[in-house]
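Scope of the values below: all heavy atoms of this structure, side chains included, with no hydrogens, waters or symmetry mates.
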Amino acid sequence: MEEFLHDIAQHIEGYYQSIVDITPKLLLAVVVVLISWFIASRVRIFADTRLKRRMHDPLLATFIANLIKAVLIVIGFLFMFRVIGLTGVAQSVLAGAGISAFIIGFALKDIGENFLAGILLAFKRPFSVGDIIESNAVKGKVVALNLRDTQIKSDSKNIYIPNALLIKNTLINYNSGGFLLQDFTIGIEYGSDYRKALSLITEVMKADSEVAEKGYSNSAVVSGITGSTIQIIIRYWVKTDLTVTDGKHRSEIVMKVAETLKEAGFVLK
């Protein structure tokens, strides 16, 4: 019994000595991670500022700055493992257990996929900050392109769409050079003076200061007949700002068109 207790005491003493031996390394590893994170954050801010001054695309500049930060943090963690002395252990585990590498790779598949998709989006640039996009039944204004997802704002809500979904699925960009395309349909009674109605609608669009006139194809055309109703589709470009993207301006245009046609004696349907 005494020998058994002696063996337990020796084991406990050995564990204690191991903890005492590794504690300085653990503290140094924590310091290394904190310093790496601090340096990476500072470098990101510096790179973001400098790149935005030199580049015309703030979305790409921010993405590259975030990428630099991520690389520096990964380097910091690798150095931390070296300080602790786990480099050889990690290599032997991965070499001796292929299933572990497979599980880790499978677990990180989505992260890697979204990361690569973010790189493609950053350099292909199908949208910029402030553009109105729609994808995966979500529509809103682009706020930022991150390493894993794209942040958009819709109805005062921040929505994060994985970058891979933007690459795989249909992506609609409603903007063109700082302008947003809007449209709506209105119906008038069959037998009305259609040309006069189109002319009145065109005048409403010309009178609105937010509607772009030069270089953009604003139009009001008869799109079809449904029963006793003539369908007219109105398409126009407006300046992209908060008053446009929240739907209030579109509402004003619809009401102006309806009021103008009603005052001219048209029956709306």
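Under a hydrophobic clustering in which Ile, Leu, Val, Met, Phe, Trp and Tyr are joined whenever their side-chain heavy atoms come within less than 4.5 Å, directly or via other members, Leu268 and Val254 fall into the same cluster. In terms of hydrophobic clustering, with Ile, Leu, Val, Met, Phe, Trp and Tyr side chains grouped at heavy-atom distances under 4.5 Å, Val30 and Ile73 are assigned to different clusters. With hydrophobic clusters built from ILVMFWY side chains whose heavy atoms lie under 4.5 angstrom apart, Ile172 shares a cluster with Tyr236. When hydrophobic clusters are built by joining Ile, Leu, Val, Met, Phe, Trp and Tyr residues whose side-chain heavy atoms come closer than 4.5 Å, directly or via intermediates, Ile35 is not grouped with Phe46. Val129 and Leu120 fall within a single hydrophobic cluster, where Ile, Leu, Val, Met, Phe, Trp and Tyr side chains are chained together by heavy-atom contacts under 4.5 Å.
At distances below 3.5 Å, not a single donor-acceptor pair connects side-chain atoms of Asn173 with backbone N or O atoms of Ile133. Using modelled atom types, no side-chain atom of Asn146 and backbone atom of Asn163 make a donor-acceptor pair closer than 3.5 Å. A donor-acceptor pair is defined here as one N or O able to donate and one able to accept, closer than 3.5 Å; such a pair exists between the side chain of Arg250 and the backbone of Asp183. Panel note: side chain Ser199, backbone Arg195; no donor-acceptor pair is recorded below 3.5 Å. Under a 3.5 Å cut-off, the side chain of Asn136 and the backbone N or O of Leu166 do not form any donor-acceptor pair.
Using a 4.5 Å heavy-atom cutoff, the side chains of Glu189 and Phe266 are not in contact. A 4.5 Å side-chain heavy-atom check between Val142 and Ile152 finds at least one atom pair inside the cut-off. Side-chain atoms of Ile201 and Thr260, non-hydrogen and from C-beta on, never get closer than 4.5 Å to each other. Leu171 places a side-chain heavy atom less than 4.5 Å from the side chain of Phe127. Side-chain atoms of Ile68 and Ile64, non-hydrogen and from C-beta on, do get closer than 4.5 Å to each other. Considering only heavy atoms from C-beta on, Ser36 stays 4.5 Å or farther from Leu72 through its side chain.
For the residue pair Arg44 and Asn66, a side-chain donor N or O sits within less than 3.5 Å of a side-chain acceptor on the partner.
Identified under the side chain to side chain donor-acceptor pair (under 3.5 Å) test for residues 70-79, with sequence neighbours left out: none.
Taken from CD1 in Ile119 to CG in Leu67, the straight-line distance is 6.0 Å, to the nearest 0.5 Å. Between the CG atom in Leu165 and the CD atom in Glu113 there is a gap of 8.5 Å [rounded to 0.5 Å]. One finds the OG1 atom of Thr185 at 6.5 Å from the CD1 atom of Ile234 (value rounded to the nearest 0.5 Å). Note that CG of Leu261 and CD1 of Ile188 are 7.0 Å apart. Values are rounded to the nearest 0.5 Å. Of the inter-residue distances, the one linking Leu121 atom CG with Asn114 atom CG reads 10.0 Å to the nearest 0.5 angstrom. Here the NZ-CE distance, from Lys256 to Met205, works out to 12.5 Å after rounding to the nearest 0.5 Å.
Considering all non-hydrogen atoms of both residues, Thr202 and Leu198 come closest at OG1-O, 2.8 Å. Taking both residues in full, the closest heavy atoms of Ala258 and Ile186 are given as CA-CD1, 4.3 Å, listed atom of the first, atom of the second, then distance. Considering every non-hydrogen atom in both Gly118 and Leu145, the closest pair reads O-CD2, 3.9 Å. Closest non-hydrogen pair, Ser135 versus Thr170, comes out as OG-O, 3.1 Å. The two residues Ala264 and Lys196 have their closest heavy-atom pair at O-NZ, 4.4 Å.
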Quiz: residues 220-232 side-chain donor-acceptor pairs under 3.5 angstrom, not counting sequence neighbours:
residue	atom	partner	partner atom	Å
Ser223	OG	Gln231	O	3.3
Ser228	OG	Lys269	NZ	2.9

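A 6.0 Å sphere centred on NZ of Lys157 holds more than 12 heavy atoms belonging to other residues, nucleotides or ligands. Enclosure of atom CZ in Phe184 by more than 12 non-hydrogen atoms of other residues, nucleotides or ligands within 6.0 angstrom is indicated. More than 12 heavy atoms of other residues, nucleotides or ligands sit less than 6.0 Å from atom OH of Tyr194.
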